[in-house]
Amino acid sequence: MRLVCHIGTPKTASTFLQNSFAANAAWLQHHGVLYPDLLSRDANHITLFYAAHEGLHDFARGHGLHSREDVLKFRRKLRRQLERQAAKAPPGTHTMLVSSENLTGNLTGRTGIANLHALFDGLFSSIEIVVYLRRQDDAILSMYGEYMRRGFNSMSFAQFVKACLQQDSLTPYLYYRRLLSLWAEVFGQEALKVRLYSRSQLAGGGILEDVMQLLFGDALPDLSALARSAQDNTGLSAPALEFLRRMQPHIPFRKDGAANPGRERLLARINSLPAAPRPRMAPARSQQIMQHFAPANAWVAETFFPGAPAPLFAGSSSAGTPGNLGRISLDQFAAFSAHLLG
């Protein structure tokens with residue numbers, strides 16, 4: 001059985017993909033593809049990250065892992081689960097599909113990637129690693145929205161960009177040369193299926209269609225019966241992000257060494273704050289970010305897209321439009337506060 005392992009990167013519609021895979025599990029199985037149960041509470045196979053991570057990530061504590069020994073036991077348990085899922089797959093199953101953006105978003109070192117390889121080793125006839133790359137300026141803006149939504153910090157956007165571009169980056173997965181080199185070192189460069197997260201570059205114009213093309217190739221079945229998950233993580237408006245930034249010290253993500261239950265209770269209300277106007281960064285900021293990543297992006301283009309027109313990513317979507325981050329009116333702040341407090 002072949003394994004197709006989708007690893008993100010973060011903010012490239014991974015949640016949409018995972019929910020679509022889960023919603024279409026029977027359709028996929030009918031066409032020979034297994035989207036397995038990997039002991040996860042949702043459609044994200046985040047358990048692969050828990051098992052591969054060399055340390056003990058905060059997220060894993062919520063899954064009942066509290067020590068290094070717990071992680072090692074869970075690694076063995078997940079290996080057995082992979083074996084069971086492959087063994088009980090119906091006749092005609094040719095591919096197992098797994099997916100978690102945490103494998104790039106949080107699994108940042110070679111050791112963790114090697115642990116993942118060991119988890120898979122010997123179970124599959126071949127392994128393909130599918131990874132989507134997004135323009136770094138767009139990805140940083142989207143991740144900033146996630147940080148504000150979750151309450152991870154109270155940085156201004158300028159501070160957040162600086163933290164992403166420094167040596168100990170908040171978003172190390174955006175350094176695509178380093179990321180792809182690590183995965184190629186462990187799995188082999190031929191195993192990497194590198195795709196650009198851009199509508200013009202995706203087969204069929206959508207990421208779900210693009211993954212289906214990677215799964216089935218020339219044997220692509222009729223996709224008309226494929227259910228599309230409702231889009232998740234569409235993001236919040238620029239004023240909503242500024243409101244949450246200012247509120248973060250009062251309702252942070254963590255409190256007393258654990259997830260803050262007060263913020264968890266408010267999460268549904270936070271997620272239903274307005275989504276428009278969409279956040280926009282200033283063109284100069286976009287240019288600063290893309291210049292920072294230009295050498296690594298040139299390497300990616302040369303290594304994985306030889307002969308394609310340069311540069312790796314097309315022009316900025318924010319070109320010619322003024323930025324709108326860091327602004328909120330008194331009326332908006334009052335309305336958002338009323339919404340949040342009910």
Side-chain angles (χ1 to χ4, degrees), residues 1-10 12-66 68-90 93-108 111-132 183 186-187 191 193 208 211-212 214-215 227 229 232-233:
M1 184 183 294
R2 159 197 182 215
L3 177 71
V4 174
C5 179
H6 165 247
I7 62 173
T9 54
T12 57
S14 297
T15 301
F16 165 73
L17 281 176
Q18 291 149 10
N19 288 344
S20 294
F21 297 154
N24 292 283
W27 184 93
L28 288 168
Q29 186 63 78
H30 177 72
H31 293 285
V33 176
L34 172 66
Y35 194 64
D37 169 15
L38 293 186
L39 310 176
S40 178
R41 298 187 182 104
D42 57 31
N44 184 333
H45 291 142
I46 194 172
T47 48
L48 293 171
F49 162 62
Y50 296 155
H53 190 47
E54 191 61 16
L56 182 63
H57 196 273
D58 279 349
F59 293 172
R61 298 182 192 276
H63 205 82
L65 307 181
H66 301 288
R68 170 73 174 153
E69 184 58 31
D70 286 344
V71 172
L72 295 177
K73 288 180 180 177
F74 186 75
R75 189 178 299 168
R76 293 190 290 270
K77 181 179 180 180
L78 190 61
R79 166 84 179 193
R80 293 192 296 270
Q81 179 70 357
L82 283 165
E83 292 171 339
R84 282 193 295 267
Q85 292 282 289
K88 73 177 187 180
T93 303
H94 52 75
T95 300
M96 181 182 289
L97 169 65
V98 298
S99 173
S100 180
E101 70 278 16
N102 302 88
L103 297 175
T104 47
N106 296 303
L107 197 68
T108 54
T111 301
I113 299 171
N115 289 338
L116 185 73
H117 184 275
L119 194 67
F120 296 148
D121 191 37
L123 298 181
F124 303 99
S125 58
S126 65
I127 299 175
E128 297 171 26
I129 304 297
V130 177
V131 58
Y132 286 86
W183 283 85
V186 175
F187 284 90
K193 309 302 177 186
L208 184 59
V211 173
M212 292 300 112
L214 288 169
L215 280 174
S229 167
D232 292 341
N233 296 340

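For the numbers below, each heavy atom of this structure counts, side chains included, while hydrogens, waters and symmetry mates do not. We're numbering straight along the sequence, starting at 1. Just so you know, these numbers come straight off a predicted model, no measurement behind them.
- Tyr50 has its side chain out of reach of Leu78: every pair of non-hydrogen atoms, C-beta onward, lies at least 4.5 Å apart.
- Remark: Asp37 engages Gln81, Gln85 in a side-chain contact (heavy atoms from CB on, under 4.5 Å) (not counting sequence neighbours).
- Between the NE2 atom in His53 and the OG1 atom in Thr111 there is a gap of 10.5 Å [rounded to 0.5 Å].
- Applying the side-chain contact (heavy atoms from CB on, under 4.5 Å) rule to Ala52 yields the partners Leu107, Asn115, Leu116; only residues at least two apart in sequence or on another chain are considered.
- Closest heavy-atom contact between Phe120 and Val98: CZ-CG2, 4.5 Å.
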Fill in: Candidate pair Leu123 and Met1, rule side chain to side chain contact (heavy atoms under 4.5 Å, CB included), full reasoning
CA-CA 8 Å; Leu123 298 181; Met1 184 183 294; over 6 Å; no

Worksheet item: Under the side chain to side chain contact (heavy atoms under 4.5 Å, CB included) criterion, do Ser20 and Val211 qualify, and how do the steps go?
Response: CA-CA 11 Å; Ser20 294; Val211 173; over 6 Å; no

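- Between Gln18 and Ala43, the shortest heavy-atom distance links the atoms O-CB, 3.4 Å.
- Tested against Asn102, the residues Ile46, Ile7, Thr47 include a single side chain to side chain contact (heavy atoms under 4.5 Å, CB included) partner, Ile46.
- A 4.5 Å side-chain heavy-atom check between Ser14 and Tyr132 finds every atom pair outside the cut-off.
- Between Phe21 and His6, the two ring planes are perpendicular [angle over 60°; tilted spans 30° to 60°].
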Practice prompt. Show your working on side chain to side chain contact (heavy atoms under 4.5 Å, CB included) between Phe187 and Ile113 and close with a plain yes or no.
Written response: CA-CA 9 Å; Phe187 284 90; Ile113 299 171; 3.7 Å; yes

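- Using a 4.0 Å cut-off between charged side-chain N and carboxylate O, Arg76 and Glu83 make no salt bridge.
- Atom CZ in Phe49 sits 12.5 Å away from atom OG in Ser40 (nearest 0.5 Å).
- For the residue pair Arg2 and Thr95, a side-chain donor N or O sits within less than 3.5 Å of a side-chain acceptor on the partner.
- Inter-residue side-chain proximity for Leu119 and Leu82 is flagged as met; some heavy-atom pair is nearer than 4.5 Å.
- Taking every heavy atom of both residues into account, Pro10 and Thr104 meet most closely at CD-OG1, 3.4 Å.
- Within the 4.5 Å cutoff, no side-chain heavy atoms of Glu54 are placed close to those of Val71.
- Heavy atoms only, all atoms of each residue included: Ala191 and Ile127 are closest at CB-O, 3.5 Å.
- No donor-acceptor pair under 3.5 Å is formed between the side chain of Thr93 and the backbone N or O of Val33.
- Closest non-hydrogen pair, Leu34 versus Gln29, comes out as CD1-OE1, 3.5 Å.
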Discussion item. Applying side chain to side chain contact (heavy atoms under 4.5 Å, CB included) to Leu28 and Met212, what does each step give before you reach the verdict?
Written reply: CA-CA 10 Å; Leu28 288 168; Met212 292 300 112; 4.1 Å; yes

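- The line from CG of Leu3 to CZ of Phe124 is 4.5 Å long, rounded to the nearest 0.5 Å.
- Taking CD of Glu101 as the reference point, atom CG of Asn44 lies at 4.5 Å (rounded to 0.5 Å).
- Scanning both residues, His31 and His94, for their nearest heavy atoms gives O-NE2, 3.0 Å.
- We find the SG-CH2 distance between Cys5 and Trp183 to be 5.5 Å, quoted to the nearest 0.5 Å.
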